[in-house]
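What you see is a predicted model, and the numbers here were worked out from it, not measured in a lab. We count ligands from 1, going down the list as the structure has it; atoms in each ligand are counted the same way.
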Amino acid sequence: MKRELFSSKIGFILAAAGSAVGIGNLVAFPVMASQNGGAAFLIMYAFFVFFICLPVMLAEMSLGRHTRQNPHGAYSKIGQTPLWNGVGWLAVITPFMIGVFYLVITVWIFGYLAKAVMGQLDTLAQDGAFGVFINSNELYIYMAVVIGLTFLILQSGVKQGIERAATYLMPALFVMLLLLVGYVLTLDHAMLGVQFFLIPDFSKINVQVLTDSLAQAFFSLSLAMGILITYGSYIQKNNDIVGAGKMVAGLSLLVACCAGLLILPAVFWSDPSIDPSELTDSSIGMIFMVLPKIFLALQQDIGFFGASFVASFFFLLVFFAAMTSLISIIEVPVASLMDTKGISRRRSLITLGVVMIALSVLSALSFGRVDWLTSFLSYGGADKSFFDVIMDVFYYSILPLNGLLLCLFVIYRWKKVNLHAEMREGNPGFEGSLMQKYIDVSLGTFIPAILAVIFLLNVLGRFFGVQVF
Ligand code: PFF
């Protein structure tokens, strides 16, 4: 079967930005920034995006385009040993499992969107509403819709499905985000939020914050999930990968900044004397518990319809961001199955869909509804649910490990000359550039070393309850 390609560089940029811009940028980033010194966190995060993440991103895209393969195919084609073949499988199983937890969160967002549209803000804003919602039966209706939409988009292929969805959803997302920021900035006390976000407090930065922010930047740019290898395998030869990569990283950072300017002013509007770092330490807490209360409070200002409209608009924005990320991560195992087994996109989707639905249902049932799934395993001094185990194993541990292995693979197995040759295609000026030298040195030395440290810290902390810092 001939491999389908993105129609243009901009098509690829939108699809890759669609993958990068997700719940991480819109919610996790503002929450982390509010806890860790505002602009101090932002500066550090921006540094990580361009100096640590961008080289990895470019390496993934180049590897994909060079091999015209999914991650497993790419590793085994160049690696040619059982070890690299195994690493290739890890690079496909990880996105599949991360896809499971991302699907569950996307379903929650869709459910909140539906409820906001139905005018049920008061229900969503009640204490304990989130716990009731995630254990309700209606969740499975929302799950069916999200899975159906994902299936429809992926079934239509690279150009007509992934690229087309990104071409509509991404511009819509940017406009909606700007409109919401514009609106929030007109609210009383909004400037307190802007100040909080833009005035750096360097005293909050410590080793833990450093590693957390790097891990967040890594996740947020969709690295080490095989996504950019897979999307890279659909880029045309004459497109400039380096330029496209910079655009994707820049867009993702820009959206994260705008999200900070959206969430923090809204928080200060609701209570000008608030300390946002006390509010919640998770993005889940922010989207599903804090924000509904703020939206409900807006009713005093703009009435029931106004507040429901703003809430629906916000959840739609997050839903669009989540959908384009979700399709990117599911495309990885789909492409892998198509490439390795030579089967059609439809068959691949159906086969994986069945397993994914089963695992997602198990995850969704592990929030108190089914006992053995809620206390699935016990390690690191705590009981862990099925959902927690997926997060701990795949997101916190194997993800940085995959990043580390990718750097080693590209530099020491595929070799720098081949990486250069691929990056030069569509960008002849790359040869001999400062960027090229930086990529060579960083990918072969300190980037894998940093990822190894994150991997070790996470494994010690998550599985053995050892907090090094
Ligand atoms: N950039 C996405 C986010 O920040 O939410 C990264 C991502 C995560 C994409 C998980 C896909 C995914 F399944």
Any N or O of I227 that comes nearer than 3.5 Å to an N or O of ligand 1?
-> no

protein heavy-atom neighbour closest to atom 5 (O) of ligand 1 works out as Y102 OH, 2.6 Å

Tell me which protein heavy atom sits closest to atom 13 (F) of ligand 1, plus the residue, atom name and distance to 0.1 Å.
-> I329 CD1, 3.0 Å

For the pair E60 and R65, find out whether any cationic side-chain nitrogen is under 4.0 Å from an anionic carboxylate oxygen.
-> no

Measure the distance from atom 6 (C) of ligand 1 to every protein heavy atom, then report the residue, atom name and distance (to 0.1 Å) of the closest one.
-> F219 O, 3.2 Å

Only residue of F110, Y112, Y142 satisfying ring-ring contact (aromatic ring centres under 6.0 Å, His included) with F319 is F110

State, without any angle test, whether Y231 and E163 hold a side-chain donor-acceptor pair at a distance under 3.5 Å.
-> no

Near S19, which atoms of ligand 1 are under 4.0 Å from a heavy atom of that residue?
-> 1 (N), 2 (C), 6 (C), 9 (C)

Quick one: closest heavy-atom pair of F29 and A256, and the distance?
-> CD2-O, 3.3 Å

A20 contact mode with ligand 1 (heavy-atom cut-off under 4.0 Å) = backbone

Do any N/O atoms on S325 end up under 3.5 angstrom from N/O atoms on ligand 1?
-> no

For the residue pair S156 and R164, confirm or rule out a side-chain donor-acceptor distance under 3.5 Å.
-> no

Residues Q216 and D212: side-chain donor-acceptor under 3.5 angstrom = no

Would you kindly say whether S336 and D339 are connected by a side-chain donor-acceptor distance under 3.5 Å?
-> no

Heavy-atom distances under 4.0 Å are what count here, so tell me which part of N25 touches ligand 1: side chain, backbone, both or neither.
-> both

Can I23 be said to touch ligand 1, with heavy atoms closer than 4.0 Å?
-> yes

